[in-house]
Participant: 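There's a structure below that I have some questions on.
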Amino acid sequence: MAVQKNAERSELPIGIFDSGVGGLTVYRALHDRLPNEHFVYLGDTARVPYGTKSLATVEKYALENAQFLANYGIKILVVACNTASALALPAIRARIGLEVVGVIGPGGRRAITVANCEAPKIGVIATEATVRSGAYVEAVHKSCSEAVVFQTACPLFVPLAEEGWAEESETASIAERYLADMREFTPDALVLGCTHYPILHDVIQRTVGPDVTLVDSGKATAEEVASLLKSTGLASPRKISGERSLCDDLDHFFVTDAAERFASVAERFLGVKPAKLEAIEVPALT
Ligand code: DGL
């Protein structure tokens, strides 16, 4: 019976949400890793940023987003936002009867793997709320209790990524200021603990230097989603022949505001605008 049910559910898309465009970095990683799957993405562009807000507010937004996607019909939910993963994962799991994957556990585990030494020095850059939650420190210590973790909040990276300012000199100066102490810490691995930050990957790498391995939790999350689909029998039975392009009409994108702006940032970042993009209002929970 359960097998039968999973066979039906396996046809459904994977749901993804973020506070804005940052989750596109996770969408891209999932799409690359799982070309037979299709996706429904919600960017809460009306309420971004989450990283400067309180736990109660982030939890409320995250639950509304999760419920919207559950109502759409998804087989698993990927919380492609570190802030929502840090603050709201237990509440989301308690509300929707689906497997939920956040980005913090996979990112923390990957950092330990790539650092590959006994007492690794792990840097974490993230939003203020994620840093305050201590979720990365906990995730890293779960994999390696000897690790030394140093965290820095980089709030201005979010609007810079939303703006698509990856190569501007202003971004380089801000990175220089935020990351001076991190450079001094000389991490073995540096976790990009906000899904917006991979958009600024190159400027961050130049600022901390070539010896620091940057960890993109999106890629680590995609690996864990692939294993979960396999172990639960929820992998799509479809076999798509040939190359599948990003943002094709199999994938459905929703935003809560400024669809045109989202489309331009997506184009700059992914090289293509979403074929199916709609602006919607996420209903309040009753
Ligand atoms: N993309 C979100 C994250 O990973 C942060 C952006 C925001 O502050 O909303 O934490």
Side-chain angles (χ1 to χ4, degrees), residues 15-30 41-66 77-89 91-92 100-108 110-111 123-139 151-166 171 174 178 190-201 204 214-222 224 253-258 261-262 265-266 269-270 282:
I16 307 172
F17 82 80
D18 178 46
S19 55
V21 301
L24 290 174
T25 62
V26 181
Y27 162 71
R28 182 168 68 182
L30 285 162
Y41 181 102
L42 170 62
D44 193 7
T45 46
R47 305 189 287 194
V48 69
Y50 284 8
T52 48
K53 298 196 168 77
S54 68
L55 187 151
T57 300
V58 173
E59 201 172 86
K60 173 179 180 292
Y61 293 170
L63 285 175
E64 289 171 357
N65 296 342
L77 175 65
V78 179
V79 179
C81 173
N82 288 268
T83 309
S85 297
L87 304 185
L89 224 45
I92 297 171
V100 181
V101 181
V103 285
I104 293 198
R110 175 65 63 94
V124 175
I125 53 172
T127 65
E128 290 165 33
T130 302
V131 166
R132 218 181 316 121
S133 75
Y136 265 110
V137 179
E138 202 182 307
Q151 306 190 88
T152 301
C154 306
L156 289 174
F157 281 177
V158 173
L160 290 168
E162 288 278 328
E163 204 61 37
W165 280 27
T171 309
I174 290 167
Y178 277 147
L190 175 63
V191 181
L192 305 179
C194 169
T195 52
H196 282 67
Y197 298 177
I199 295 174
L200 307 179
H201 176 283
I204 294 169
L214 301 193
V215 176
D216 174 349
S217 48
K219 288 190 185 149
T221 303
E224 297 205 5
F253 290 80
F254 293 98
V255 287
T256 51
D257 198 13
R261 190 165 188 280
F262 179 89
V265 180
F269 178 61
L270 300 173
V282 174

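In each ligand, atom 1 is the first atom listed, and ligand 1 is the first ligand listed.
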Participant: In terms of side-chain geometry, is the basic nitrogen of Glu163 or Arg261 positioned less than 4.0 Å from the acidic oxygen of its partner?
Facilitator: yes
Participant: In terms of the angle between their ring planes, are Phe262 and Phe253 parallel, tilted or perpendicular, with boundaries placed at 30° and 60°?
Facilitator: tilted
Participant: Could you tell me the separation between the OG1 atom of Thr83 and the CG atom of Leu55, rounded to the nearest 0.5 Å?
Facilitator: 11.0 Å
Participant: Select all protein residues for which some heavy-atom-to-ligand 1 distance is less than 4.0 Å, and list them by chain and number.
Facilitator: Asp18, Ser19, Val48, Pro49, Tyr50, Gly51, Cys81, Asn82, Thr83, Thr127, Val158, Cys194, Thr195, His196
Participant: State, to 0.1 Å, how close Pro49 and Val158 come at their nearest heavy-atom pair, and which atoms those are.
Facilitator: CB-CG1, 4.4 Å
Participant: Please examine the side chains of Val21 and Ile199, heavy atoms only from C-beta on, and report whether any two atoms are closer than 4.5 Å.
Facilitator: yes
Participant: When rounded to the nearest 0.5 angstrom, what distance separates CG in Leu42 from SG in Cys81?
Facilitator: 11.0 Å
